[in-house]
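Since this is a predicted model, take the numbers as computed values, not measurements.
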Amino acid sequence: KTDYYIKGAKITGWEDEYSDKTRFTEENGIYTLAATLEKDDEFMFTSMVTVGDSTTVGTEYLRFTNLDEASAALFTGLENGNIVVNEGGDCTFTYDPSTTVLTASKQ
C-alpha cells in the first residue's frame with residue numbers, strides 16, 4: 001500500500017511529517033488532500049510504502065511536472081521540480097497513480 005504526504009518549507013519545515021494533517025486520503029484508488037498553503041511556500045509530495053507490517057519511505061515523489069495544465073497555472077515550478085504557491089489559501093489536491101496526474105483546486 002502506498003500513501004502520499006505533503007512536505008514543504010512552511011507547511012512542515014521540510015520535516016517528514018507523517019500525520020493525518022499531511023497525508024492524502026485514498027478512496028477507490030484516488031488520493032485526496034485538503035491543505036491550507038501560505039503564499040511562496042515551496043513544497044512537494046513524498047510517498048510511504050507499507051508491505052505487511054513493514055513501512056518504509058517510498059521512492060515516488062510528486063512534483064510540478066505531475067500537475068495538469070490548469071493546476072500548474074496556480075503554482076510556479078522550480079528547476080528542482082518543487083512547487084511554489086502563487087497565492088495562499090485552501091487548496092485540494094487529487095492524485096491518480098494510474099495516470100500519475102496531480103490536480104489542484106483553490107477554494
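Here Leu62 contributes atom CG and Met44 contributes atom CE; the two are 8.0 Å apart, rounded to the nearest 0.5 Å. Rounding to the nearest 0.5 Å gives a distance of 9.0 Å between CZ of Phe64 and CG of Leu78. Atom CG of Leu102 and atom CZ of Phe75 lie 8.0 Å apart (nearest 0.5 Å). Taking OG1 of Thr22 as the start and CG of Leu33 as the end, the distance is 7.5 Å to the nearest 0.5 Å. Going from atom CG of Asn86 over to atom CG of Asp41 covers 12.0 Å, rounded to the nearest 0.5 Å.
Taking 4.5 Å as the limit, some side-chain heavy atom of Ile6 sits within range of a side-chain heavy atom of Ile11. The shortest distance between side-chain heavy atoms of Lys7 and Trp14 falls below 4.5 Å. With contacts defined as side-chain heavy-atom distances shorter than 4.5 Å, the pair Leu37/Phe43 qualifies. Here the side chains of Phe93 and Phe45 are in contact, with some heavy-atom distance below 4.5 Å.
When the side-chain contact (heavy atoms from CB on, under 4.5 Å) test is applied to Thr55, the partners found at least two apart in sequence or on another chain are Met48, Thr50. Qualifying side-chain contact (heavy atoms from CB on, under 4.5 Å) partners for Asp53, counting only residues two or more places apart in sequence or in other chains: none. Remark: Ser71 engages Asp68 in a side-chain hydrogen bond (donor to acceptor under 3.5 Å, both in side chains) (not counting sequence neighbours). With sequence neighbours excluded, the residues forming a salt bridge (Lys or Arg N to Asp or Glu O under 4.0 Å) with Asp20 are Arg23, listed by chain and number. Take Ser47 and apply the side-chain contact (heavy atoms from CB on, under 4.5 Å) test, not counting sequence neighbours, and it matches Thr2, Tyr4, Glu60.
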Inset, instruction - I would like to know whether Thr46 and Glu17 meet side chain to side chain contact (heavy atoms under 4.5 Å, CB included); could you show each step before the answer? - result: CA-CA 10 Å; Thr46 64; Glu17 184 180 316; over 6 Å; no
Inset, instruction - Decide yes or no on side chain to side chain contact (heavy atoms under 4.5 Å, CB included) for Lys1 and Val51, but give the supporting numbers first. - result: CA-CA 7 Å; Lys1 179 180 183 325; Val51 177; over 6 Å; no
Legend entry - From CA spacing to verdict: side chain to side chain contact (heavy atoms under 4.5 Å, CB included), Asn82, Arg63: CA-CA 5 Å; Asn82 289 349; Arg63 300 185 184 269; 2.7 Å; yes
Inset, instruction - Would you check, one step at a time, whether the test side chain to side chain contact (heavy atoms under 4.5 Å, CB included) holds for Thr12 with Tyr18? - result: CA-CA 10 Å; Thr12 66; Tyr18 303 116; over 6 Å; no
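When atom types are taken as modelled, the side chain of Lys10 and the backbone of Lys39 share a donor-acceptor pair closer than 3.5 angstrom.
Applying the side chain to side chain donor-acceptor pair (under 3.5 Å) test to pairs two or more places apart or on separate chains, those with a residue in residues 96-107 are Thr92-Gln107, Asp96-Ser98.
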